[in-house]
A.B. asks: 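Questions regarding the structure given below will be posed in turn.
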Amino acid sequence: MQPPQSESELMQRAADLAGFTLGEISHEHGIACPADLSREKGWVGMLLETCLGATAGSKPEQDFAHLGIELKTIPVNAHGKPLETTFVCVAPLTGISGVQWEHSHVRHKLSRVLWVPVEGERTIPLAERRIGTPLLWSPSREEDAQLRADWEELMDLIALGRVNDITARHGQYLQLRPKAANSHALTDAFGAKGEPIKTLPRGFYLRTQFTHHILSRFFVS
DNA sequence: GACTGATCATTG
DNA sequence: CAATGATCAGTC
């Protein structure tokens with residue numbers, strides 16, 4: 001699948017997927033559908049990238065850089081409520097002095113997002129889960145301010161060398177949690193006295209309350 | 001039932 | 001190891 005040339009082409013492709021099951025879509029593309037996601041947690045996201053023509057790979061940029069759009073699949077229940085938090089990006093633990101919200105990776109990633117809801121209840125076999133109506137979102141002024149407040153709180157703690165004091169309980173809408181292969185993975189950071197330390201890699205995640213708010217903005221009921 | 005900390009696959 | 005794609009699963 002070639003990358004979409006325009007925003008409208010991307011939206012049309014995404015809209016055309018709505019209502020189909022993951023089994024139908026993966027079959028069309030000759031991709032095997034696993035029984036569950038326990039060993040392939042990113043399978044749905046990768047499938048949608050393929051279907052929509054996103055540039056594959058592990059580049060730290062938006063999925064559709066030429067359109068300035070990031071693709072996010074989000075698991076929802078029958079009522080459209082998110083079942084999981086949404087990973088945004090890894091958190092920088094070194095070299096962060098002087099970094100401001102306006103230039104952060106979080107803000108850049110979330111500046112324009114194509115959300116694709118997908119049924120995610122584990123009682124539904126993966127192949128039978130349906131793709132929902134896509135929505136193209138940009139943060140409102142209020143949403144931007146909410147994310148900024150959490151981001152600044154978390155980044156301040158990191159800058160103070162207190163990364164090991166941060167738990168998933170910090171941040172009202174944006175939280176910081178481990179983002180690693182396992183609990184033994186270590187990366188560089190700084191301690192409270194400025195000394196170099198090794199710690200778990202972290203990532204920024206959007207709480208379900210926040211993403212639920214986004215989805216409900218589009219599906220007024 | 002919600003939430004946090006842990007984890008899985010794959011590619012450079 | 002770090003980045004991409006996220007969900008799992010035990011505990012509260």
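The chains referred to below are lettered A, B, ... by the order of the sequence lines, with proteins before strands, and numbering in each begins at 1. Here the structure is a predicted model, which is why all the values come from computation and not from measurement.
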A.B. asks: Can you confirm whether the side chains of R130(A) and T21(A) place a donor and an acceptor under 3.5 Å from each other?
C.D. replies: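 Judged by distance alone, the side chains do not pair up.
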
A.B. asks: Shared ILVMFWY cluster between V90(A) and L147(A), side chains joined below 4.5 angstrom?
C.D. replies: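 No, because V90(A) and L147(A) fall into different hydrophobic clusters, even though each may have its own neighbours under 4.5 Å.
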
A.B. asks: Residues of residues 95-105 of chain A with any non-hydrogen atom less than 4.0 angstrom from an atom of DNA chain B: list those, numerically ordered, please.
C.D. replies: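 Within residues 95-105 of chain A, no residue comes under 4.0 Å of DNA chain B.
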
A.B. asks: Testing T208(A), L206(A), I214(A), V113(A) for side-chain contact (heavy atoms from CB on, under 4.5 Å) with T86(A), which one passes?
C.D. replies: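 Looking at T208(A), L206(A), I214(A), V113(A), the match for T86(A) under the side-chain contact (heavy atoms from CB on, under 4.5 Å) is L206(A).
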
A.B. asks: For E24(A), does its backbone N or O pair with a side-chain atom of H27(A) as donor and acceptor, under 3.5 Å?
C.D. replies: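 Checking the backbone N and O of E24(A) against the side chain of H27(A), no donor-acceptor pair under 3.5 Å is found.
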
A.B. asks: In chain order, what residues pass the ring-ring contact (aromatic ring centres under 6.0 Å, His included) check against F190(A), with sequence neighbours excluded?
C.D. replies: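 With neighbours one apart ignored, the set is empty.
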
A.B. asks: Scan side-chain atoms only and decide if Q12(A) and D16(A) contain a donor-acceptor pair under the 3.5 Å cut-off.
C.D. replies: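 Result is yes, a qualifying pair exists.
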
A.B. asks: Please state whether the phosphate of dC8(C), meaning OP1 or OP2, lies under 4.0 angstrom from any side-chain nitrogen or oxygen of R39(A).
C.D. replies: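 So the side-chain polar atoms of R39(A) never come under 4.0 Å of the phosphate oxygens OP1 or OP2 of dC8(C).
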
A.B. asks: For L22(A) and dG5(C), what is the distance between atoms CG and P respectively, to the nearest whole Å?
C.D. replies: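 For the pair L22(A) CG and dG5(C) P, the rounded distance is 18 Å.
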
A.B. asks: Considering every strand and a 4.0 Å limit on heavy-atom distances, what is the contact class for E70(A): base, sugar-phosphate, or nothing?
C.D. replies: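 Sugar-phosphate, backbone atoms only, no base.
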
A.B. asks: Just by distance, do the side chain of D63(A) and the backbone of L71(A) share a donor-acceptor pair under 3.5 Å?
C.D. replies: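 Between the backbone of L71(A) and the side chain of D63(A) there is a qualifying donor-acceptor contact (under 3.5 Å).
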
A.B. asks: Let's see if you can work this out: which of dT4(C), dA6(C), dT7(C) has an atom nearest to the side-chain heavy atoms of V90(A)?
C.D. replies: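 Within the option list, the nearest is dT4(C).
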
A.B. asks: Any side-chain donor paired with an acceptor under 3.5 Å for E143(A) and H213(A)?
C.D. replies: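 E143(A) vs H213(A): donor-acceptor pair found between side chains.
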
A.B. asks: For F87(A) and dA6(B), what is the distance between atoms CZ and P respectively, to the nearest whole Å?
C.D. replies: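 F87(A) atom CZ is separated from dA6(B) atom P by 16 Å.
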
A.B. asks: How would you label the contact of K109(A) with the nucleic acid (heavy atoms, under 4.0 Å): base, sugar-phosphate, or nothing?
C.D. replies: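 The answer is sugar-phosphate, as K109(A) gets under 4.0 Å only of primed atoms, P, OP1 or OP2.
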
A.B. asks: Is the side chain of D150(A) donor-acceptor paired with the backbone N or O of Y173(A) at a distance under 3.5 Å, no angle test?
C.D. replies: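 Yes; judged by distance alone, with no hydrogens or angles, the pair exists.
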
A.B. asks: Starting at atom CZ of F64(A), determine the distance to atom P of dG5(C), rounded to an integer number of angstrom.
C.D. replies: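 Distance check: F64(A) CZ to dG5(C) P gives 11 Å.
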
A.B. asks: Looking across every strand, which nucleic acid part, if any, lies under 4.0 Å from D188(A) by heavy atom: base, sugar-phosphate, or nothing?
C.D. replies: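 Touches nothing.
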
A.B. asks: Nearest-nucleotide wise, let me know which of G120(A) and A91(A) is further upstream toward the 5' end of DNA chain C.
C.D. replies: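 In this pair, the answer is A91(A).
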
A.B. asks: Do E153(A) and W151(A) have side chains that approach each other closer than 4.5 Å (heavy atoms only, starting at C-beta)?
C.D. replies: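 The answer is no; the side chains never approach within 4.5 Å.
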
A.B. asks: Hey, quick one: are V118(A) and I124(A) part of the same hydrophobic cluster, counting side-chain heavy atoms closer than 4.5 Å, chains of contacts allowed?
C.D. replies: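 Different clusters.
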
A.B. asks: Check the side chains of Q175(A) and R177(A) for a donor-acceptor pair under 3.5 angstrom, ignoring hydrogens and angles.
C.D. replies: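 Q175(A) and R177(A) do have a side-chain donor-acceptor pair below 3.5 Å.
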
A.B. asks: Expressed as a whole number of angstroms, how long is the span from H108(A):NE2 to dT4(C):P?
C.D. replies: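 Answer to the nearest Å: 12 Å.
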
A.B. asks: Please figure out whether R129(A) or G42(A) has its closest DNA chain C nucleotide nearer the 5' end.
C.D. replies: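 This one resolves to G42(A).
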
A.B. asks: Which of residues 174-183 of chain A have a heavy atom under 4.0 Å from DNA chain C?
C.D. replies: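 Heavy-atom contacts with DNA chain C come from R177(A), K179(A).
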
A.B. asks: Identify whether W115(A) and V106(A) are in the same connected component of the hydrophobic contact network (ILVMFWY, side-chain heavy atoms under 4.5 Å).
C.D. replies: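 Yes; tracing contacts between hydrophobic side chains, which count when under 4.5 Å, links both residues.
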
A.B. asks: For a quick check of understanding: with a heavy-atom distance under 4.0 Å over all strands, which category does L83(A) fall into, base, sugar-phosphate or nothing?
C.D. replies: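 Result for L83(A) = nothing.
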
A.B. asks: Side-chain N or O of K198(A) versus OP1/OP2 of dC1(C): is the shortest distance under 4.0 Å?
C.D. replies: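 So the side chain of K198(A) is outside the cut-off, no N or O lying under 4.0 Å from OP1 or OP2 of dC1(C).
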
A.B. asks: Would you say a side-chain N or O of T73(A) is under 4.0 Å from OP1 or OP2 of dA6(C)?
C.D. replies: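 Affirmative; the distance criterion is met.
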
A.B. asks: Would you please say whether a donor-acceptor pair under 3.5 Å links the side chains of N164(A) and T199(A)?
C.D. replies: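 The criterion, which ignores hydrogens and geometry beyond distance, is satisfied for T199(A) and N164(A).
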
A.B. asks: Rounded to the nearest Å, what distance is computed from the CG atom of residue N77(A) to the C1' atom of nucleotide dG1(B)?
C.D. replies: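 Distance, rounded to whole Å: 12 Å.
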
A.B. asks: Between L186(A) (CG) and dT7(B) (P), how many Å, whole number?
C.D. replies: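 That distance rounds to 13 Å.
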
A.B. asks: Once you round it to whole Å, what is the distance between C1' of dG5(B) and CG of D165(A)?
C.D. replies: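 Nearest whole value for this atom pair: 16 Å.
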
A.B. asks: So do the side chains of I74(A) and L83(A) get within less than 4.5 Å of each other, counting heavy atoms only?
C.D. replies: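 No, every pair of side-chain atoms sits at 4.5 Å or beyond.
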
A.B. asks: Check whether V44(A) and L215(A) end up in the same hydrophobic cluster, where Ile, Leu, Val, Met, Phe, Trp and Tyr are linked by side-chain heavy atoms less than 4.5 Å apart.
C.D. replies: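 Different clusters.
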
A.B. asks: Within this structure, what is the CD1-to-P distance between I74(A) and dT7(C), rounded to whole angstrom?
C.D. replies: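 It works out to 8 Å between those atoms.
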
A.B. asks: I need the residues from residues 153-160 of chain A with at least one non-hydrogen atom less than 4.0 Å from DNA chain C; give them sorted by number, or say none.
C.D. replies: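 None - not one residue of the stretch has a heavy atom sitting under 4.0 Å from the strand.
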
A.B. asks: Let's see if you get this right: which residues in residues 23-33 of chain A place a heavy atom under 4.0 Å from DNA chain C?
C.D. replies: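 Those residues: none at all.
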
A.B. asks: So, S104(A) versus R148(A): side-chain donor-acceptor pair below 3.5 Å or not?
C.D. replies: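 No.
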
A.B. asks: Anything under 3.5 Å between a protein N or O and an N or O of nucleotides 9-12 of chain C, put it in a table, one pair a line.
C.D. replies:
none

A.B. asks: Looking only at side-chain atoms of T187(A), point me to the closest of dA2(C), dG5(C), dT4(B).
C.D. replies: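 Shortest atom-to-atom distance from the side chain points to dA2(C).
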
